[in-house]
Protein chains: 2
Amino acid sequence: MKQKLSIVKIGGNLIEDPKELYYLLHLFSKIRGNKILVHGGGKKATEIGEALGIKSKMVDGRRITDAQSLDVAIMVYGGLVNKKIVAQLQALGVNSVGLSGADANIIKAYKRLVNEVDFGFVGDVEKVNTYSIFKILQAGLTPVFCALTHDGKGQLLNTNADTIASEIAIGMSNQFDTTLYYCFEKKGVLKDISNENSVIPFINSKKYERLLALKVINEGMLPKMHNCFNALRNQVSKVCIGDSSMFEEGYTNFTTITL
Amino acid sequence: MKQKLSIVKIGGNLIEDPKELYYLLHLFSKIRGNKILVHGGGKKATEIGEALGIKSKMVDGRRITDAQSLDVAIMVYGGLVNKKIVAQLQALGVNSVGLSGADANIIKAYKRLVNEVDFGFVGDVEKVNTYSIFKILQAGLTPVFCALTHDGKGQLLNTNADTIASEIAIGMSNQFDTTLYYCFEKKGVLKDISNENSVIPFINSKKYERLLALKVINEGMLPKMHNCFNALRNQVSKVCIGDSSMFEEGYTNFTTITL
């Protein structure tokens with residue numbers, strides 16, 4: 001039987017608010033067995049970027065990563081957010097190690113090809129070096145990944161944290177019974193975006209198609225759902241979406257997604 | 001016989017200038033056997049701090065690390081400088097992993113006690129977790145340390161990079177035949193600070209005392225020399241001080257220090 005592995009991606013307001021973050025990290029520290037944390041950068045990168053006079057460029061609502069914005073991402077995701085999480089996890093008794101995709105050559109990516117839009121230093125995942133992750137887990141360490149990858153030629157790249165989490169989950173599923181948790185400020189996938197208590201408890205591919213046809217799934221949730229089903233189609237056992245409470249024992253008010 | 005371990009600390013202008021840094025990393029990639037890189041942050045932290053409107057506070061010529069300056073150090077040392085070095089080393093074929101002292105709980109420190117001056121979030125090294133470093137080396141990885149430590153209670157601390165290098169060297173010397181390299185823009189310990197060609201090739205404790213009595217050693221060099229002899233008195237085999245060229249084969253114009 002495969003060993004269990006929990007991959008927890010945290011994002012959004014969770015990272016902004018020190019109390020919320022501490023609550024999540026505390027619950028994360030209680031998860032038994034092998035575990036991996038993946039975090040985004042939240043609004044801190046925008047904040048620091050603005051303070052440095054770097055304007056974020058957007059095309060069709062998507063952020064363009066120029067050289068200066070990449071530097072801010074490296075500072076905030078790879079430095080500030082990552083190292084503070086690691087220090088806090090150490091205090092909670094979790095022997096964590098903060099990593100970018102360049103560290104131990106774990107996530108190789110290629111710079112996104114320029115079609116209509118040049119997204120700049122944005123990387124699409126090429127390969128997850130699961131052997132390195134396995135060695136790190138085996139050494140009793142808990143990896144904490146930020147949303148940076150590299151191209152193997154010396155260039156760091158900005159990569160979506162949801163995608164990093166699902167790609168790592170897919171890579172590790174050969175060896176582990178993997179559950180992927182998307183943890184943010186909402187209670188799960190909502191039937192009615194304006195009603196926090198309308199969490200859909202279970203979704204499978206059939207139900208997902210129905211929900212799509214009924215246009216129930218909020219647009220902002222679509223890329224996340226795409227990542228979920230991509231992971232599930234590639235051996236990941238289960239995906240859960242919800243807020244930090246989903247790691248409380250007995251709590252059930254979140255969304256579980258299976259194939 | 002003990003295996004060899006090279007610990008290379010780089011600082012000063014070396015980090016500022018991309019070409020100089022690339023030259024050093026290229027030479028570092030050629031060093032055979034186990035190796036560890038330790039880097040400072042250079043002027044980049046001051047630059048970013050100033051751009052963010054954070055004034056560095058100095059007392060008696062020593063920098064005070066308040067909460068804001070610490071955040072800058074975490075961003076610049078732990079993020080920008082560290083991850084860029086790791087990405088470049090990967091491109092040079094060195095499977096490196098960027099670490100702070102919080103990662104894998106490698107360097108625990110205590111916040112410097114307040115006597116006359118409160119230095120703020122500055123850490124003095126309490127313990128180097130050599131077992132974790134050993135496991136990382138054994139996994140075929142090359143650690144790249146930035147100048148951050150942690151107190152084990154969730155607080156990151158700013159620690160002098162020279163000291164981190166010598167403390168790691170001391171810790172590892174039980175198991176390895178360790179050489180510590182202090183690599184910066186000068187050619188070595190100079191007899192005459194205004195003459196780059198006055199490198200003193202060999203120094204031992206006796207000669208050091210003579211040089212001190214003659215006031216030959218430049219004041220800025222004294223803390224480095226203190227670190228050197230502290231390392232040598234604690235099993236480190238040899239300390240070398242010089243510029244990047246000291247890693248070129250056959251090059252001899254640098255300072256070697258033994259007990």
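Below, chain A is the first sequence line, B the second, and so on; all start at residue 1.
A cation-pi arrangement is present between B:Lys224 and B:Tyr182, with the terminal nitrogen or guanidinium carbon under 6.0 Å from the aromatic centre and inside a 45° cone about the axis. Under the 6.0 Å distance and 45° angle rule, A:Lys35 counts as a cation-pi partner of A:Phe28.
A:Glu248 and A:Tyr23 are linked by a side-chain donor-acceptor pair at a separation below 3.5 angstrom, with hydrogens and angles left out of the test. For the residue pair B:His150 / B:Asp103, no side-chain donor-acceptor distance below 3.5 Å is found, with atom types taken as modelled. B:Asp177 and B:Gln3 share no side-chain donor-acceptor pair at under 3.5 Å.
Chain B forms the most heavy-atom pairs under 4.5 Å with one residue out of A:Ala104, A:Cys146, A:Ala51, and that residue is A:Ala104. Taking A:Ala139, A:Gly98, A:Gly140 one by one and counting their heavy-atom pairs under 4.5 Å with chain B, the maximum is reached by A:Gly98.
For the pair A:Asp243/A:Tyr251, a side-chain contact is recorded, criterion being any heavy-atom separation below 4.5 Å from C-beta on. Inter-residue side-chain proximity for B:Thr142 and B:Leu37 is flagged as unmet; no heavy-atom pair is nearer than 4.5 Å.
Atoms OH and CG, on B:Tyr77 and B:Leu80 in that order, are 12.0 Å from each other to the nearest 0.5 Å. For the atom pair B:Thr163 OG1 and B:Ile107 CD1, the distance stands at 10.5 Å (nearest 0.5 Å). Separating the CD atom in B:Gln175 from the OG atom in B:Ser173 is a distance of 10.5 Å, to the nearest 0.5 Å. The distance from the CD1 atom of B:Ile48 to the CD1 atom of A:Ile48 is 9.5 Å, given to the nearest 0.5 Å.
Using a 4.5 Å heavy-atom cut-off against chain B, the contacting residues of residues 81-89 of chain A are A:Lys83, A:Lys84, A:Val86, A:Ala87, A:Gln88. Listed by sequence position, A:Lys135 are the residues of residues 118-138 of chain A in contact with chain B, using a 4.5 angstrom heavy-atom cutoff. Of all residues spanning residues 66-76 of chain B, those with a heavy atom less than 4.5 Å away from chain A's heavy atoms are B:Asp71, B:Ile74, B:Met75, B:Val76, arranged by number.
Interface residue A:Ser100: backbone and side-chain heavy atoms are both found under 4.5 Å from chain B. Contacts of A:Leu141 with chain B are made by side-chain atoms alone, with heavy-atom separations under 4.5 Å and no backbone atom involved. Only the side chain of B:Asn95 comes within contact range of chain A, with heavy atoms under 4.5 Å apart.
A donor-acceptor distance shorter than 3.5 angstrom exists from the side chain of A:Thr178 to the backbone of A:Phe176, with no hydrogens or angles considered. Of the possible polar contacts, one joining the A:Gln90 side chain to the A:Ser96 backbone as a donor-acceptor pair under 3.5 Å is found.
Other residues, nucleotides and ligands contribute over 12 non-hydrogen atoms within 6.0 Å of the NZ atom of B:Lys111.
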Ignoring hydrogens and angles, write down the donor-acceptor pairs under 3.5 Å from the side chains of residues 6-14 of chain B, residues two or more places apart or on other chains.
residue	atom	partner	partner atom	Å
B:Lys9	NZ	B:Asp162	OD1	2.8
B:Asn13	OD1	B:Lys43	NZ	3.4

